[in-house]
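Shown next, in C-alpha cells, is the structure this report addresses.
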Amino acid sequence: MATDCSQPALDSKWKQGFRRKLLAWFAKHERDLPWRKSRDPYRVWVSEIMLQQTQVETVIPYFERFVKIYPTVEKLAAAEESEVLRLWEGLGYYRRARSLHAAARRIVTEHDGKFPRNVAKLKDLPGIGRYTAGAIASIAFNQRVPILEANTIRLLARLLAYPDDTSKSTGQRILWATAEELLPSTEISSFNQALMELGSLVCTPLNPLCDKCPVARHCHAFLAGLQHKIPASPSKVKSTPLREAAIVVRKKNHVLLRQCDQGERWAGLWDFVRFEISSSEPRLLQRELKQKTRELSGVSIGSASPITTIKHSVTRYRITLDGYQTDYVSGTINQTGALQRWVSIKKLSEYPLSSTGRKLAKLISC
DNA sequence: AATACGGGGAC
DNA sequence: GTCCCAGTATT
C-alpha cells in the first residue's frame, strides 16, 4: 500500500518539484552535526534517542561524550546502567537512557550486535517508537519509510494548510500519510533529514522565513498567507504549583542518598531525601521535615537549616524546592522500598543525580 | 484519548 | 513568564 486512501493524492508533478527543490536546498544548507559524520546505525540511533524532545544544541555535547565512551553497541551493552545514567545526567527524560541501555543488550544478544533493518523489528526495541524506527531505517539504511516529528509536523501542516490540531489522531493520520506520499524513490536518507532541517531552520514556529523557503510556492499556508496561523496551537494543560523539600542528611562526611524507584520521577537516579510539603509556619514545618524524613528513610534528624531554594518545572508541575541541611541523629536506613546508601561527599560525582540533586550536591561540597 | 516524563533554550 | 524541543510508554 503506497498511500493512505483517506488522504487525497497530491499531484505527481507537484511532488516531484517539491522533492527536487527540497533536496537542492539541503545540499546547500545541511548543518555539520556530529551524528552526520557517518551513517553508522548505532550513532544514528543514539542521536535520535537523545534528540527526542530535546533541542539539537543541547544534545551535541552529550552525544560527543557518549559515543566517545561507548563507540559501539557492544561497549554500551557492557556498561552498567548507572554509568549510562551518569552520562545522561542533565539531559532529562531518563527513561530514554535506561531503554537505550536495555535495547543495546538486546541487540547484542538477540541480533548478534547488528541493527535490525526493518521498521517492525526496530519498533520492537524499548524506546523506539514510530518516529525513531522510521528515522533509523531511513537515515542509516536508506529505507523508504516516512518520519514525522516536531519539525515535519509543522512543515507538513503548513504545506497542506492543515487547519486543525496536529496532535490529534486525525491530524497525525493525515500528516503521516503525507510524509509517506512525499517520499522519493531514492535518496530517502537525505530527503527525510532535509524535511527536518528545513522545518528547523526555515519553517520555524514563530516568524517562519518564507522568503528563504525553497518550497514556498508549494506551500498552501504561505500561498494563503496563513503561515502564522498554522499549525493551530494545541490546547495546553495548565501547570500546578507544588512545594517540595530536599533534605541533605549528614553523617560525618557522608550524606544520605536514595535511588528513585521505577514508576516515580527520576527512576534509576539518586537523590537526597525529597518529598512534598504542606506546612508554612516554621515550627510546623520543622516537625513535618523530621516526620517525613523518618517515614521515607528511617532515620531521625536534628533541626534542618535552609541551604537554597530552587524553582524548576517537571512536566506540568511548577516546583518550588527548598533544600535543607541537617545532621543525622539516630536510626537505620529502611531496608524495604527504594535503595538507600550513605555516600561520602567525595563520591557524589560518581552517582547520577537529578538536576536539583546535583545543584544541592555542589552547594554542600564547598 | 490523555497523561507522565526533564531540562534548558529562545523570546 | 510562555512556548517549544528530531517522542515513547502507559493508562
Side-chain angles (χ1 to χ4, degrees), chain A residues 31 33-36 43-63 85 88-100 102-103 122-136 138-140 146-156 165-173 175-176 179 189 192-201 203-207 231-242 260 262-269 271 310-319 321 352-359:
Chain A
R31 283 174 292 182
L33 300 172
W35 44 90
R36 287 181 174 161
R43 294 168 65 97
V44 171
W45 172 50
V46 171
S47 72
E48 290 302 339
I49 301 297
M50 286 187 170
L51 285 162
Q52 288 170 6
Q53 295 292 287
T54 310
Q55 296 181 174
V56 166
E57 292 304 317
T58 304
V59 166
I60 290 173
Y62 282 88
F63 176 82
L85 282 170
W88 210 271
E89 189 186 288
L91 203 51
Y93 286 152
Y94 298 97
R95 186 174 56 188
R96 294 183 294 174
R98 296 152 61 82
S99 298
L100 188 77
L122 285 165
K123 260 175 72 173
D124 194 44
L125 293 166
I128 299 184
R130 187 173 179 185
Y131 162 73
T132 304
I136 296 170
S138 63
I139 296 173
I147 56 163
L148 189 69
E149 44 68 72
N151 294 303
T152 57
I153 287 169
R154 188 173 57 249
L155 173 65
L156 298 183
D165 188 340
T166 57
S167 67
K168 301 292 185 191
S169 60
T170 301
Q172 290 284 303
R173 188 173 67 252
L175 295 177
W176 272 106
S189 177
N192 278 346
Q193 292 184 78
L195 280 177
M196 293 191 281
E197 197 82 330
L198 186 64
S200 174
L201 299 180
C203 195
T204 50
L206 246 49
N207 308 120
S233 46
S235 52
K236 43 205 171 258
V237 280
K238 68 173 181 184
S239 63
T240 311
L242 214 55
C260 302
Q262 297 270 42
E264 63 178 327
R265 289 201 292 255
W266 303 296
L269 274 72
D271 205 348
I310 301 170
K311 288 180 183 293
H312 70 129
S313 298
V314 180
T315 64
R316 69 188 190 87
Y317 300 100
R318 297 194 60 78
I319 304 173
L321 176 68
L353 302 181
S354 67
S355 176
T356 54
R358 184 61 66 196
K359 283 176 186 162

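Every heavy atom of this structure was used, including side-chain atoms; hydrogens, water molecules and symmetry mates were not. Naming convention: chains lettered A, B, ... in sequence-line order (proteins, then strands); numbering from 1 in each chain. All of these numbers come straight from a predicted model, not from anything done at the bench.
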Could you state the atom-to-atom distance from [atom1] of [X] to [atom2] of [N] in whole Å?
| X | N | atom1 | atom2 | answer |
| --- | --- | --- | --- | --- |
| A:Met50 | C:dC5 | CE | P | 20 Å |
| A:Arg358 | B:dG8 | CZ | P | 13 Å |
| A:Gln193 | C:dA6 | CD | P | 14 Å |
| A:Trp88 | B:dG8 | CH2 | P | 15 Å |
| A:Leu51 | B:dG6 | CG | P | 18 Å |
| A:Tyr317 | B:dA4 | OH | C1' | 8 Å |
| A:Tyr93 | C:dA6 | OH | C1' | 14 Å |
| A:Tyr62 | B:dG6 | OH | C1' | 10 Å |

Next item on the list: May I ask you to test the A:Leu33-A:Ile60 pair for a side-chain heavy-atom distance under 4.5 Å?
Entry: yes
Next item on the list: Determine whether A:Trp35 and A:Met50 make a side-chain contact, defined as any pair of heavy atoms from C-beta on separated by less than 4.5 Å.
Entry: no
Of the nucleotides [options], which one has an atom closest to the side chain of [X]?
| X | options | value |
| --- | --- | --- |
| A:Gln55 | C:dC4, C:dT8, B:dG6 | C:dC4 |
| A:Tyr131 | B:dG6, C:dG7, B:dG8 | C:dG7 |
| A:Ser355 | B:dC5, B:dG7, C:dC4 | B:dG7 |
| A:Tyr94 | C:dT8, B:dG7, C:dA6 | B:dG7 |
| A:Val237 | B:dT3, B:dG6, C:dT8 | B:dT3 |
| A:Ser169 | C:dA9, C:dA6, B:dA1 | B:dA1 |
| A:Glu48 | C:dA6, B:dG7, C:dT8 | C:dA6 |
| A:Asn151 | C:dA6, C:dC4, B:dG6 | C:dA6 |
| A:Thr58 | B:dC5, B:dG7, B:dG9 | B:dG9 |
| A:Val56 | C:dA6, B:dC5, B:dG9 | C:dA6 |

Residue-phosphate contact under 4.0 Å: [X] side-chain N/O, [N] OP1/OP2:
| X | N | answer |
| --- | --- | --- |
| A:Lys236 | C:dC3 | yes |
| A:Ser313 | B:dG6 | no |
| A:Gln53 | C:dG7 | yes |
| A:Trp35 | C:dA6 | no |

Notebook entry, point to check: Between A:Arg31 and A:Lys123, who's closer to the 5' end of DNA chain C by nearest nucleotide?
Noted result: A:Arg31
Margin query: Using heavy-atom distances to pick each residue's nearest nucleotide on DNA chain C, tell me which of A:Ser239 and A:Ile128 is more 5'.
Written below: A:Ser239
With rounding to the closest Å, how many angstrom separate the [atom1] atoms on [N] and [M]?
| N | M | atom1 | value |
| --- | --- | --- | --- |
| C:dA6 | B:dC11 | P | 14 Å |
| C:dC5 | B:dC5 | C1' | 14 Å |
| B:dG6 | C:dC3 | C1' | 16 Å |

Any side-chain donor paired with an acceptor under 3.5 Å for [X] and [Y]?
| X | Y | result |
| --- | --- | --- |
| A:Gln52 | A:Tyr131 | no |
| A:Arg98 | A:Gln262 | yes |
| A:Ser200 | A:Glu197 | no |

Margin query: Would you say that more than 12 heavy atoms from the other residues, nucleotides or ligands in this model lie under 6.0 Å from the CD of A:Glu57, or not?
Written below: no
Check: On a plain distance test, is the side chain of A:Thr54 in donor-acceptor contact with the base of B:dG8 below 3.5 Å?
Finding: no
Next item on the list: Classify the side chain of A:Arg96 versus the base of C:dT8 as yes if they form a donor-acceptor pair under 3.5 Å and no if they do not.
Entry: no
Margin query: By nearest heavy atom, map A:Arg95 and A:Thr356 onto DNA chain B; which one lands nearer the 5' end?
Written below: A:Arg95
Next item on the list: By nearest nucleotide on DNA chain B, pick out whichever of A:Thr315 and A:Leu206 is the more 5' one.
Entry: A:Thr315
Hey, does [X] reach any base, or is it just sugar-phosphate, or nothing, if we go heavy atoms under 4.0 Å?
| X | answer |
| --- | --- |
| A:Arg98 | nothing |
| A:Thr132 | sugar-phosphate |
| A:Ala150 | sugar-phosphate |

Margin query: Below 30° counts as parallel, above 60° as perpendicular, anything between as tilted: where do the rings of A:His312 and A:Trp266 land?
Written below: parallel
Check: Which one of A:Leu100, A:Ile139, A:Leu125 satisfies the side-chain contact (heavy atoms from CB on, under 4.5 Å) criterion with A:Trp45?
Finding: A:Leu100
